[in-house]
Amino acid sequence: MEGVDCSMALADAAAGSPRDLSMVPERLQRREQERQMEVERRKQKRQDQEVEEEKSGFFAAAFARERAAAEELLRGEALAERLEEAANRLQALRKLLNDSVLYLAPYDLRQGQAALAQLQAVLTERRQELQPKKRFAFKARKKDAAGASQVDAAPVASAAPSPPLTKEEGAPGASWACGFSNLDSQDLEKRAEELHQRDVLLSDLTNCTVRLRGNPNTLRLAKARGCRVLCGPVTTSVFLEDCRDCILAVACQQLRVHTTKDTRIFLQVTSRAIVEDCSGIQFAPYTWSYPGIDKDFQDSGLNRSKNNWNQVDDFNWLAQNVASPNWSILPEEERDIQWD
């Protein structure tokens, strides 16, 4: 087909004016560049798919291994040492699942969450078996019904279930431990004791300011509009999806931004950030600070001396030696922001 196109271009030029003839090399060069770009795009897409498949395979093998070990510990005699080891295995499964959330298929993610929830329920039951049974005792007979009613009321009150989570604490999925959702024009905050190594979900927020002064394990920001989100060091991944006109300050191991527009990100990241289906994204170095941030960085395990804030891969822009139009560096004169 390429040879036919070239022949047609030459034939058209020969039949035309001298100006048309002079344009033949330019047309051929442009077509060759387009062909090379398409070949490169397909090659990159194939490589990305191979990487995703490799990561998914590693996750499946590691998850199956840890799950089998946990199940074996839970099947044995309910000894404190075995249950403690099982709890450690479940923690490892939870971390593996959280670290893999960016590339796992939704079905695999749901299956992993369901398996983890089932193992946690079994662990809770086995721990209850270790609790000493309450000693049976006869109640003293009361002469009046009122006295008996008061005696019987006490255990009922103590057995009442704890109140459900509030809207701020509740999360739509079992894997998210805390966060905020469906709020407008609010000033929101969580501190270190609420955040330490927990998974945070912020969703459906409009014109809100969120301060997360601590060390979460993961952070997911979805469907935010006109929000300012300030977050301490995140041990693993940060994921933005469907956000508009936001400001985010975060330190993390990896960052992925999807279907987001006109958002400024003040970033410290140890890997390369990824944007996909985005436009108007601006990056600058992470500058937010608060009392206790040094300890949070230490707990997170992030290397503060390494920051790839301006190393960004755009999955929708594979042209070499040409900057992506979808993201840019925030000019220095626009980086001076009063955070608090």
Spell out, as yes or no, whether a donor-acceptor pair under 3.5 Å connects the side chain of Thr263 to the backbone of Lys261.
yes

Looking only at side chains, do Asp199 and Thr218 share a donor and an acceptor under 3.5 Å apart?
yes

Non-hydrogen atoms of Leu195 and Cys178 that approach each other most closely:
CD2-SG, 4.3 Å

Any donor-acceptor pair under 3.5 Å linking the side chain of Ser271 with the backbone of Gln253?
yes

Contact between Asn207 and Asp184 at the side-chain level, heavy atoms closer than 4.5 Å - yes or no?
yes

Evaluate side-chain contact (heavy atoms from CB on, under 4.5 Å) for Asp242 paired with Thr260, printing each intermediate quantity in order.
CA-CA 5 Å; Asp242 190 18; Thr260 292; 5.7 Å; no

How close do Cys246 and Gly226 get, counting heavy atoms only, and between which atoms?
SG-N, 3.8 Å

Check against side-chain contact (heavy atoms from CB on, under 4.5 Å), Asp245 and Arg225:
CA-CA 6 Å; Asp245 302 306; Arg225 299 291 184 268; over 6 Å; no

With a 4.5 Å cut-off on side-chain heavy atoms, are Trp309 and Ile329 touching?
yes

Show your reasoning for whether side-chain contact (heavy atoms from CB on, under 4.5 Å) applies to Arg213 and Trp288.
CA-CA 10 Å; Arg213 305 177 192 267; Trp288 188 49; 3.9 Å; yes

Cluster overlap Leu230 with Leu267, hydrophobic side-chain contacts below 4.5 Å
no

Go through it in stages, so that I can follow the logic: the residues are Arg264 and Asp262, the test is salt bridge (Lys or Arg N to Asp or Glu O under 4.0 Å), and I'd like the CA-CA distance, side-chain angles, deciding distance and then a yes or no.
CA-CA 7 Å; Arg264 287 180 284 173; Asp262 303 323; over 6 Å; no

If I take atom SG from residue Cys231 and atom NZ from residue Lys190, how far apart are they, to the nearest 0.5 angstrom?
12.5 Å

Determine whether more than 12 heavy atoms belonging to other residues, nucleotides or ligands lie under 6.0 Å from atom CD of Gln311.
yes

Any donor-acceptor N or O pair under 3.5 Å, side chains Asn215, Thr235
yes

In terms of hydrophobic clustering (I, L, V, M, F, W, Y; side-chain heavy atoms under 4.5 Å; direct or indirect links), are Ile247 and Val229 co-clustered?
no

Evaluate the side-chain proximity of Phe266 to Arg335: yes if any heavy-atom separation is below 4.5 Å, no if none is.
yes

Closest approach of Val234 to Ser237 (non-hydrogen atoms, all atoms of both residues):
CG1-O, 3.7 Å

Between Arg67 and Glu71, does at least one N-O distance fall below 4.0 Å, as a salt bridge requires?
yes

Taking the side chain as C-beta and beyond, is there a heavy-atom pair between Glu84 and Asn88 under 4.5 Å?
yes

Under the criterion side-chain contact (heavy atoms from CB on, under 4.5 Å), I'd like the reasoning laid out for Leu90 against Leu123: C-alpha separation, chi angles, the key distance, then a yes or no.
CA-CA 9 Å; Leu90 264 61; Leu123 176 62; 4.0 Å; yes

Given the ring of Phe297, does Arg304 sit roughly above its face, with NZ or CZ under 6.0 Å from the centre of the six-membered ring and within 45° of the axis?
yes

Between Thr236 and Asn217, is there a donor-acceptor pair closer than 3.5 Å when you use the side chain of the first and the backbone of the second?
yes

Group every Ile, Leu, Val, Met, Phe, Trp and Tyr by side-chain heavy-atom contacts under 4.5 Å, then state whether Leu73 and Phe63 land in the same group.
no

Is a side-chain donor-acceptor pair under 3.5 Å present for Arg110 with Gln113?
no

Can you tell me how far the CD1 atom of Ile265 sits from the CG atom of Leu255, to the nearest 0.5 Å?
5.5 Å

Rounded to the nearest 0.5 Å, what separation is found between the CG atom of Leu240 and the CD1 atom of Ile281?
8.0 Å

Run the salt bridge (Lys or Arg N to Asp or Glu O under 4.0 Å) check on Glu85 and Arg89 step by step: do they pass?
CA-CA 6 Å; Glu85 178 62 22; Arg89 295 286 184 176; 3.3 Å; yes

Report yes if the side chains of Val275 and Phe315 come closer than 4.5 Å at any heavy-atom pair, otherwise no.
no

If you count heavy atoms of other groups shown closer than 6.0 angstrom to CD of Glu334, is the number above 12?
yes

Can you tell me how far CG of Asp277 sits from CD of Glu241, rounded to the nearest 0.5 angstrom?
10.0 Å

Indicate whether any N or O donor in one side chain lies under 3.5 Å from an N or O acceptor in the other, for Arg272 and Gln254.
no

Check for a donor-acceptor pair, side chain of Trp317 on one end and backbone N or O of Trp327 on the other, with a separation under 3.5 Å.
no

Flag yes if Leu202 and Leu188 sit in one hydrophobic cluster, no otherwise; membership is Ile, Leu, Val, Met, Phe, Trp, Tyr, and two members link when side-chain heavy atoms are under 4.5 Å apart.
yes

Would you say the side chain of Phe180 lies within less than 4.5 Å of the side chain of Val210, judging by non-hydrogen atoms?
yes

Classify the side-chain pair Ser289/Trp339 by whether it contains a donor and acceptor separated by less than 3.5 Å.
no

All heavy atoms of Pro216 vs all of Gly232, minimum pair found to be CD-O, 4.4 Å

Can you tell me if Gln298 has over 12 outside heavy atoms packed within less than 6.0 Å of its CD?
no

Which atoms form the tightest heavy-atom contact between Asp296 and Gly214, and what is the distance?
OD2-CA, 3.4 Å

Under the salt bridge (Lys or Arg N to Asp or Glu O under 4.0 Å) criterion, do Arg211 and Asp187 qualify, and how do the steps go?
CA-CA 8 Å; Arg211 296 179 181 87; Asp187 197 345; 2.8 Å; yes

Heavy-atom pair of closest approach, residues Ala92 and Glu66
CB-OE1, 4.1 Å

With rounding to the nearest 0.5 angstrom, report the CD to OH distance, Gln268 to Tyr286.
8.0 Å

Given side chains that start at C-beta, do those of Arg228 and Ile337 come closer than 4.5 Å, heavy atoms only?
yes

Is Leu248 linked to Leu183 within one hydrophobic cluster, defined over Ile, Leu, Val, Met, Phe, Trp and Tyr using a side-chain heavy-atom separation of less than 4.5 Å?
yes

Apply the test salt bridge (Lys or Arg N to Asp or Glu O under 4.0 Å) to residues Glu72 and Arg75: give CA-CA distance (whole Å), side-chain angles for both, the deciding distance (0.1 Å), then the verdict.
CA-CA 5 Å; Glu72 179 64 24; Arg75 274 196 296 267; 2.9 Å; yes

With rounding to the nearest 0.5 angstrom, report the CD to CG distance, Glu276 to Asn326.
11.0 Å

Is there a side-chain contact between Thr206 and Ser185 in this structure, where contact means two heavy atoms from C-beta onward sitting under 4.5 Å apart?
no

